[in-house]
Amino acid sequence: MKSAITLAQVAEAKAGPFVFHQPLPESFSKAAELGFDAVELFLPGPDFIDPETVNSMASDHKLSIAAVGTGAGMVQHGLSLTDADPDKRSRALEFVLSMVDFGGKVGAPAILGSMQGKWGGNLSREQSLAWLTEALHATDARAAENDVKFIYEPLNRYETNQFNHLSTATAYLEEHGLDHTVLLADLFHMNIEEADAGQAIRDAGSRVGHVHFADSNRQAVGFGHTEMTSILSALEEIGYDGYLSAEIFPLPSPEAAAEQTIKSFRALTS
Ligand code: LER
Ligand code: MN
């Protein structure tokens with residue numbers, strides 16, 4: 001397994017679960033100094049920075065790009081793939097597809113988190129899921145063209161009502177033949193929703209394609225009370241060799257959160 005840390009460049013996400021918010025050259029340096037294998041990028045969009053510049057910063061620091069987030073489409077532009085407004089839906093899909101392309105150029109999968117939206121009010125679950133499925137077919141195909149995976153993230157109940165568990169999301173991806181789409185096991189969301197996080201990981205098996213490495217309180221692993229040993233055993237059991245990426249609050253400071261993360265990563269994976 002490999003370590004990764006989140007770098008955000010989105011003003012609206014200042015209070016969000018991302019560790020370093022400094023300009024990218026400085027944030028890449030910090031990640032490398034602390035010994036991370038990779039960085040996960042949360043950017044305003046695909047035109048924020050030339051992918052070649054990202055690749056050269058990564059190679060200068062011997063870092064990989066673990067994944068790229070798409071949540072700026074929601075936090076900056078209020079877009080969701082399941083919005084009742086067809087114009088917003090199509091702009092949302094364009095945004096996510098453009099991030100899949102951007103990810104392809106830096107060798108990283110894009111993540112669908114908050115932009116999956118939710119159903120309710122006048123929007124039925126059936127209609128919302130039909131739109132989500134249509135969008136996921138498009139992102140799955142675009143990821144394949146870019147020779148990367150696409151990552152779908154089950155979120156906790158306060159953020160979405162589409163899929164809150166790895167098991168239901170796995171069954172859904174199988175049912176729709178979304179073969180280039182993997183699941184994100186975010187340990188913070190799983191702590192809220194799963195009865196047994198280790199068992200959920202074992203049951204999802206090879207569908208687990210990315211991990212957000214967070215403790216119960218969404219702080220660095222070791223600063224909360226999630227029992228991590230059984231989760232790491234489950235990841236080993238399924239042969240997971242991807243990233244444990246710290247999508248966490250920068251508390252008590254970005255540096256302390258990053259240091260605690262790499263310390264926990266080493267203790268749990270050695
Ligand atoms: C994104 O990875 C995530 O976990 C969400 O909670 C953000 O809304
Ligand atoms: Mn997450």
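Along the sequence shown, residues carry numbers from 1. Both ligands and their constituent atoms are indexed starting at 1 by order of listing.
- For ligand 1 and Glu153, the ligand atoms under 4.0 Å from any heavy atom of the residue are 1 (C), 2 (O), 3 (C), 4 (O).
- Through direct or relayed side-chain contacts under 4.5 Å between Ile, Leu, Val, Met, Phe, Trp and Tyr, Phe223 connects to no other residue.
- Distance alone, capped at 3.5 Å, is enough to place a donor-acceptor pair between the Arg89 side chain and the Ala84 backbone.
- Taking every heavy atom of Asp186 and a limit of under 4.0 angstrom, the matching atoms of ligand 1 come to 4 (O).
- Remark: Phe18 pairs with Phe42 by the ring-ring contact (aromatic ring centres under 6.0 Å, His included) rule, at least two apart or across chains.
- With waters neither drawn nor counted, the protein N/O/S atoms under 2.8 Å from the Mn ion (ligand 2) amount to 4.
- Set against the non-hydrogen atoms of Arg218, the atoms of ligand 1 under 4.0 Å away are 3 (C), 4 (O), 5 (C), 6 (O).
- There is no path of hydrophobic side-chain contacts, each under 4.5 Å, that joins Val68 to Leu184.
- Short contacts between ligand 1 and His212, defined as distances under 4.0 Å to a heavy atom of the residue, involve ligand atoms 2 (O).
- Partners of Glu174 by side chain to side chain contact (heavy atoms under 4.5 Å, CB included), not counting sequence neighbours, listed by chain and number: Thr170, Arg207.
- Atom NE2 in His176 sits 4.0 Å away from atom OG1 in Thr133 (nearest 0.5 Å).
- Within ligand 1, counting atoms from 1 as listed, the ones closer than 4.0 Å to a heavy atom of His189 are 3 (C), 4 (O), 5 (C), 6 (O).
- Near Leu155, with a cut-off below 4.0 Å to any heavy atom, the atoms of ligand 1 are 3 (C), 4 (O), 5 (C).
- Ranking protein heavy atoms by distance to atom 8 (O) of ligand 1, first place goes to Glu159 OE1, 2.8 Å.
- Using the six-membered ring where Trp is involved, Phe265 and Phe213 have ring planes that are perpendicular, over 60° apart on the 30 and 60° scheme.
- Note on ring orientation: taking the six-membered ring where Trp is involved, the planes of Phe163 and Tyr172 are tilted (angle from 30° to 60°).
- In this structure a side-chain-to-backbone donor-acceptor pair under 3.5 Å is present from Asp140 to His180.
- Residue contacts with ligand 1, taken as heavy atom pairs separated by less than 4.0 Å, do not involve Met74 at all.
- Side-chain N or O atoms of Gln116 include one that pairs as donor or acceptor with a backbone N or O of Glu153 at under 3.5 Å.
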